[in-house]
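Protein chains get the first letters and strands the later ones, always in sequence-line order, with residue 1 at the start of each.
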Amino acid sequence: MKLATKRKTITMAVAFFAIAVLLVELYPIVITLLNGFRTDLVILSGQKFSLKQLTTTSYALVFKNRLLMKAMGNSIIVGIFSTALSVGVGAMAAYGISRFRFRGRNALAYSFLVFRMLPQMSLVVALYLMFRSIGLRDTIFGITLAHSSFNVPYVIWMLIPFFTAVDKSYEEAAMVDGCSRWKLFHMVFLPLVAPGLVVAAVFSFINSWNEFLYALILTGVNARTAPVAISSLIGGDTLTWGQMCAASTVMLMPVFVFTLAMQKFLIRGIAAGGVKG
Amino acid sequence: MKGAGGHGSPVPFLLPALLIVFAVLIFPIIFSFVVSLFDWPLSAGGGSRRFIGASNYVDLVKDKEFWNSLKLQLGFIFIAIPLELVLGLAAALLLNREFQGGRVIRALILLPVFFLPVVSGMTWRFMLQPRYGALNNFLLALGAPEITWLGDPTFAYAAIIIQDIWRMWPFVFMLLYAGLAGISTDILEAAEIDGAHFSKRLFSIILPLLYPTILTALLLRIIDALRIFSEVYVMTEGGPGMATTLFSLYTHRQAFGYMKVGMASAMAIFLLVISIVFAVTLVRKNMSLEKLEERGGDR
């Protein structure tokens, strides 16, 4: 009996501790969400928060801001293109690595993983010079290609276990029927690894959606993506905190929805470097 | 061996990925190295480019700001990451039990990890503003004087570290929590019945069993911290002065502020070598192909 009460007390204490931690962890997120519904003026004047301040003015300004809307559109396009490219190419490579035996197979798999972890700052100066000389700077294609530098290795790493898990008997049966490797890949394997493709696609999109440094250096007015556009709402004499928070909330929503929906895959998604700056 | 197809060549399947990797990873790395051997101004107006051998590297070693950025970068890693590990481990141990709402709490604790780094940087910048920032509002109410947090070198440096801890300890928690769930509860309960004291249990049973996960978390965090840029860039822009100019921020300034692309490339190569060392360690220790393949079914 005594042990049971002791356990109950511990559990209670843990729950209280957890809630305290939660308050600290969620505070900055909550004020971002709330400030999106306050005007820049109210925020800058340092007024105490009250329900009366809540308005959608900042959202209206954000949605009327052409540059910002264009950047959001660019983010969606770049995210979709880069995801499609990376998942397409990455699935083929993951299949090649996991269902074939060849020399240097391990070394190849390792180098994809290491490539995934290289700092963007080490690449971006060279990419800038390259893109500038071949006219890819500030183009949707250029920034999509740059995002593939982290998404392709990422997708390969995510998908290898999915391809490896497919039972050999599928392969053997198909081969007896005289199926080519290519047909085998897209008729048999792709449907079987479909859940993996979805997970890889979602995380690739988020990687691209969150990316800042390449967008900052490799794009200008044409291909600028939303994280850079939002960051320009703050700085120097412009301190439009309300609009910044409203735009940020719009950016955050898909990420939060996806990640809460994908709890099960978070660990793998993140351990492979799913969160990017 | 699983997956031994026997016939056909893997090359057609690997080729597209290899082409992309060559174009946006291998070639830029080689190119960076070449540029690092030149006096290479960003734009034509800055003079002509000139081969100077290893001079950029020599200049770097002599550059006080380079050492400053390296010091700030290492300090960042050595302060933030141990704290993240301790917090993550403590939370993982505490929350590794069933209680009502446990699932929801664990999911919510992870939200900061998915807070866009740029937005996180700006939100922290907001909270630390004088006059209307949340921290000053709180302190003013307690009668403290107003402080321009991000205008003070020490406070600004502390602020970028706290921002990182706030955002990333839940990531460590998540990894360690998953690792802990992998340890059989029988082992933990057996130790409890034996009356093993908690600290003894922690050091003789839990930590040794959790060691591979802790190592993975540590290496992942180091690799990630080495490339930190966006959150600090929007939070302080490296200032005040050079107080928060971490390695990547200084590289950025060399290339696009001072227009010295050769110097920036030398820094890029330096950072690349360090990152590769850590990444290779991580991959060899914890992410071998065999391990990936073993995991196959369950994930």
Review point. Tell me, do A:V152 and B:L25 make a side-chain contact under 4.5 Å, heavy atoms counted?
Key: no
Practice item. Find the one option among B:A264, B:A255, B:P112 whose heavy-atom pairs under 4.5 Å with chain A are most numerous. Key: B:P112
Point to revise | Residue pair A:W241 / B:Q129, side-chain heavy-atom distance below 4.5 Å | key: yes
Point to revise | From B:L111 atom CG to A:F256 atom CZ, the distance as rounded to the nearest 0.5 Å | key: 4.5 Å
Revision key, fill the gap. Comparing B:L15, B:V280, B:L271, B:I269 against chain A, the one with the most heavy-atom pairs below 4.5 Å turns out to be B:L271
Exercise for review: Check each atom of A:I43 against the heavy atoms of chain B and say whether the ones under 4.5 Å are side chain, backbone, both or neither.
Suggested key: both
Review point. Highest number of heavy-atom pairs under 4.5 Å with chain A: which of B:M267, B:M127, B:R106?
Key: B:M127
Point to revise | Side chain / backbone / both / neither for A:L216 at chain B, heavy atoms under 4.5 Å | key: side chain
Check your understanding: How many angstroms lie between atom CG of A:L252 and atom OG of B:S120, to the nearest 0.5 angstrom?
Key -> 10.0 Å
Practice item. Pick one of side chain, backbone, both or neither for B:A23, based on which atoms fall under 4.5 Å of a heavy atom in chain A. Key: backbone
Check your understanding: Does any heavy atom of chain B fall under 4.5 Å from the side chain of A:F163, the backbone, both, or neither of them?
Key -> neither
Exercise for review: Answer whether the closest heavy-atom distance between the side chains of A:F102 and B:L14 falls below 4.5 Å.
Suggested key: yes
Review point. Side chain, backbone, both or neither: which part of B:I20 has a non-hydrogen atom closer than 4.5 Å to chain A?
Key: side chain
Check your understanding: Quick one: CG on A:L239 to CZ on B:F126, what's the gap to the nearest 0.5 Å?
Key -> 10.5 Å
Check your understanding: Can you tell if the side chain of B:H252 reaches within under 4.5 Å of the side chain of A:I217, non-hydrogen atoms only?
Key -> yes
**Study point:** Donor-acceptor contact below 3.5 Å, side chain B:W166 vs main chain A:E25
**Key:** yes
**Study point:** Rounded distance (nearest 0.5 Å) linking atom OG of A:S231 with atom CE of B:M122
**Key:** 6.0 Å
Check your understanding: Under 4.5 Å between any side-chain heavy atoms of A:P28 and B:T123, yes or no?
Key -> yes
Check your understanding: Which one of B:W124, B:F27, B:F270, B:W169 has the most heavy-atom pairs closer than 4.5 Å to chain A?
Key -> B:W169
Review point. Is there side-chain contact between A:I97 and B:P10, with heavy atoms separated by less than 4.5 Å?
Key: no
Check your understanding: Rounded to the nearest 0.5 Å, how far does OG of B:S9 lie from CZ of A:F100?
Key -> 7.0 Å
Check your understanding: If you count heavy-atom pairs under 4.5 Å between each of B:V234, B:L94, B:L18 and chain A, which one has the most?
Key -> B:L94
Practice item. For the residue pair B:F278 and A:M117, establish whether any side-chain heavy-atom pair is separated by less than 4.5 Å. Key: no
Study note, to complete from the structure: Here the pair of heavy atoms bringing A:S149 nearest to B:V24 is CB-CG2, 3.5 Å
Review point. So, do A:I230 and B:L116 sit near enough that their side-chain heavy atoms are less than 4.5 Å apart?
Key: no
Check your understanding: By a 4.5 Å heavy-atom criterion (distance strictly below it), what part of B:A107 contacts chain A: side chain, backbone, both, or neither?
Key -> both
Check your understanding: Tell me, side chain or backbone of B:F247 under 4.5 Å from chain A's heavy atoms, or both, or neither?
Key -> neither
Practice item. Measure the acute angle between the ring planes of A:F212 and B:Y233, then classify it against the limits of 30° and 60° as parallel, tilted or perpendicular. Key: tilted
**Study point:** A:F115: ring-ring contact (aromatic ring centres under 6.0 Å, His included) partners, not counting sequence neighbours
**Key:** none
Review point. Rounded to the nearest 0.5 Å, how far apart are CE of A:M121 and CZ of B:R227?
Key: 13.0 Å
Check your understanding: Do B:F114 and A:F258 make the cut of ring centroids closer than 6.0 angstrom?
Key -> no
**Study point:** Which residues share a ring-ring contact (aromatic ring centres under 6.0 Å, His included) with A:Y214, sequence neighbours left out
**Key:** none
Exercise for review: Please report the C-alpha distance between B:I29 and A:L118 in whole Å, then the side-chain angles of each, then the deciding distance to 0.1 Å, and finally whether the side-chain contact (heavy atoms from CB on, under 4.5 Å) criterion is met.
Suggested key: CA-CA 10 Å; B:I29 290 171; A:L118 301 184; 3.8 Å; yes
